[in-house]
> 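I am attaching a structure below and will ask some questions about it afterwards.
Start at 1 with the first residue, then count along the sequence. Just so you know, these numbers come straight off a predicted model, no measurement behind them.
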Amino acid sequence: TFTACRRNGKPIQLRIDGTRIMWEPSCYGGDGTELRKSICFAVPDEVRQTIQAMEESLSGNVSSCIKEDALKTKISMDKARFFDVTHNRIEEPKVLRGWTANVMVTIRGRWETRTMTGLCLETTDVQLLEEASEPKCPFRE
């Protein structure tokens with residue numbers, strides 16, 4: 001089941017500034033054509049604490065969306081909006097992994113099955129700030 005989460009009649013939104021997109025958005029067991037995928041961001045302590053406090057209010061066996069220093073959310077690739085560093089709307093880049101970005105995450109609500117429960121988080125907006133640099137050659141002195 002799904003229960004919507006609202007504050008003052010509006011969805012709860014988190015703004016995460018200067019985060020790094022840890023991996024390319026993907027779908028477990030997918031074939032690459034999926035529009036709804038998982039995306040992970042490196043998160044600061046304050047965001048981690050906010051999410052963990054919300055998860056503590058859940059009952060049962062909680063599936064956390066925080067794994068070590070990563071926040072896992074969903075992203076609908078056909079609905080998410082992408083912006084450049086000067087706030088102009090842009091097309092989704094071919095590669096997202098490694099980008100530094102500002103992101104807006106909506107806490108849509110709580111999902112629950114017979115055995116688990118958790119928060120439903122959706123990334124709605126991504127402002128791309130800096131592309132990942134190529135790693136240096138480990139063989140160069």
> Among all residues two or more places apart in sequence or in another chain, which pass the side-chain hydrogen bond (donor to acceptor under 3.5 Å, both in side chains) test with Arg110?
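Applying side-chain hydrogen bond (donor to acceptor under 3.5 Å, both in side chains) to Arg110 gives Thr3, Glu112.
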
> Going by atom types only, do Glu122 and Ser76 share a side-chain donor-acceptor pair under 3.5 Å?
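There is such a pair between these side chains.
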
> Is there a side chain to side chain contact (heavy atoms under 4.5 Å, CB included) between Ile39 and Ile21? Walk through the geometry before answering.
CA-CA 7 Å; Ile39 187 168; Ile21 300 172; 4.1 Å; yes

> Counting heavy atoms not belonging to Glu24, are there more than 12 under 6.0 Å from its CD?
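Above 12, so yes.
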
> As an exercise, state the distance from CD1 of Ile107 to CZ of Arg6, rounded to the nearest 0.5 Å.
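It comes to 13.0 Å.
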
> So among Leu71, Ile75, Thr106, which one has a side-chain contact (heavy atoms from CB on, under 4.5 Å) with Leu121?
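That would be Leu71.
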
> Rounded to the nearest 0.5 Å, what separation is found between the CG atom of Asp17 and the CD atom of Gln127?
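Answer rounded to 0.5 Å: 8.5 Å.
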
> Spell out, as yes or no, whether a donor-acceptor pair under 3.5 Å connects the side chain of Asn102 to the backbone of Gly18.
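Judged by distance alone, yes, a pair lies under 3.5 Å.
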
> Can Phe82 be reached from Leu14 by stepping across I, L, V, M, F, W or Y side chains whose heavy atoms are under 4.5 Å apart?
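Both belong to a single hydrophobic cluster.
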
> Report whether Trp99 and Phe83 are members of the same hydrophobic cluster (ILVMFWY, side-chain heavy atoms less than 4.5 Å apart, transitive linking).
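Not linked; separate clusters.
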
> Please tabulate, one pair per line, all N/O donor-acceptor pairs under 3.5 Å involving side-chain atoms of residues 47-55, not counting sequence neighbours.
unit_1, atom_1, unit_2, atom_2, d
Arg48, NE, Glu68, O, 3.3
Arg48, NH1, Asp45, OD1, 2.4
Arg48, NH2, Val43, O, 3.4
Thr50, OG1, Glu46, O, 2.9
Glu55, OE1, Ser64, OG, 2.8
Glu55, OE2, Ser64, OG, 3.3
Glu55, OE2, Cys65, N, 2.9

> Hey, does the side chain of Asn8 reach the backbone of Lys10 with a donor-acceptor pair shorter than 3.5 angstrom?
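No; zero donor-acceptor contacts below 3.5 Å.
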
> So, taking the atom named OG1 in Thr100 and the one named CZ in Arg20, what distance separates them when rounded to the nearest 0.5 Å?
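One finds 8.0 Å between OG1 of Thr100 and CZ of Arg20.
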
> Can you find a pair of side-chain heavy atoms, one from Thr124 and one from Gln13, that are under 4.5 Å apart?
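Heavy-atom side-chain distance check passes, below 4.5 Å.
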
> Could you pull out all residues at least two apart from Asn61 that satisfy side-chain hydrogen bond (donor to acceptor under 3.5 Å, both in side chains)?
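For Asn61 there are no side-chain hydrogen bond (donor to acceptor under 3.5 Å, both in side chains) partners, ignoring immediate neighbours.
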
> Using links of under 4.5 Å between side-chain heavy atoms of ILVMFWY residues, direct or through other members, which residues join Met104 in one cluster?
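Via sub-4.5 Å side-chain contacts, Met104 links to none.
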
> Taking only residues two or more places apart in sequence, or in another chain, which ones meet Ser38 in a side chain to side chain contact (heavy atoms under 4.5 Å, CB included)?
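Ser38 satisfies side chain to side chain contact (heavy atoms under 4.5 Å, CB included) with Lys72, Lys74 once adjacent residues are dropped.
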
> I'd like to know if Val85 and Val103 are part of one continuous hydrophobic network [Ile/Leu/Val/Met/Phe/Trp/Tyr, side-chain heavy atoms within less than 4.5 Å].
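Not linked; separate clusters.
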
> Do Ile12 and Ile16 belong together in a cluster built from hydrophobic side chains that touch within less than 4.5 Å?
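Per the 4.5 Å side-chain linkage, Ile12 and Ile16 are co-clustered.
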
> Rounded to the nearest 0.5 Å, what separates atom SG in Cys5 from atom CG in Leu119?
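Atom-to-atom, Cys5:SG and Leu119:CG are 7.5 Å apart.
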
> Under the criterion side chain to side chain contact (heavy atoms under 4.5 Å, CB included), I'd like the reasoning laid out for Met116 against Trp111: C-alpha separation, chi angles, the key distance, then a yes or no.
CA-CA 8 Å; Met116 301 193 85; Trp111 58 266; 4.0 Å; yes

> If you count the non-hydrogen atoms of other residues, nucleotides and ligands that lie under 6.0 Å from CZ in Arg7, is the total more than 12?
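Result for CZ/Arg7: open.
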
> For Phe2, check side chain to side chain contact (heavy atoms under 4.5 Å, CB included) against everything at least two apart and list the hits.
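By the side chain to side chain contact (heavy atoms under 4.5 Å, CB included) rule, Phe2 matches Ala4, Arg108, Cys120.
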
> Around atom CZ of Arg36, are there more than 12 heavy atoms from other residues, nucleotides or ligands closer than 6.0 Å?
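Counting other residues, nucleotides and ligands, CZ of Arg36 exceeds 12 neighbours.
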
> Hydrophobic cluster membership, with links at side-chain heavy-atom distances under 4.5 Å among I/L/V/M/F/W/Y: are Met22 and Val105 in one?
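No, no single cluster joins them.
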
> Between Val126 and Ala101, what is the shortest heavy-atom contact and its length?
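Scanning both residues, the minimum pair turns out to be CG1-CB, 4.0 Å.
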
> Are Leu96 and Leu128 close enough, and set up right, to give a side chain to side chain contact (heavy atoms under 4.5 Å, CB included), and what steps lead you there?
CA-CA 9 Å; Leu96 285 169; Leu128 299 169; 4.1 Å; yes

> What's the verdict on side chain to side chain contact (heavy atoms under 4.5 Å, CB included) for Thr73 and Phe41, showing C-alpha distance, side-chain angles and the deciding distance?
CA-CA 8 Å; Thr73 77; Phe41 304 104; 3.9 Å; yes

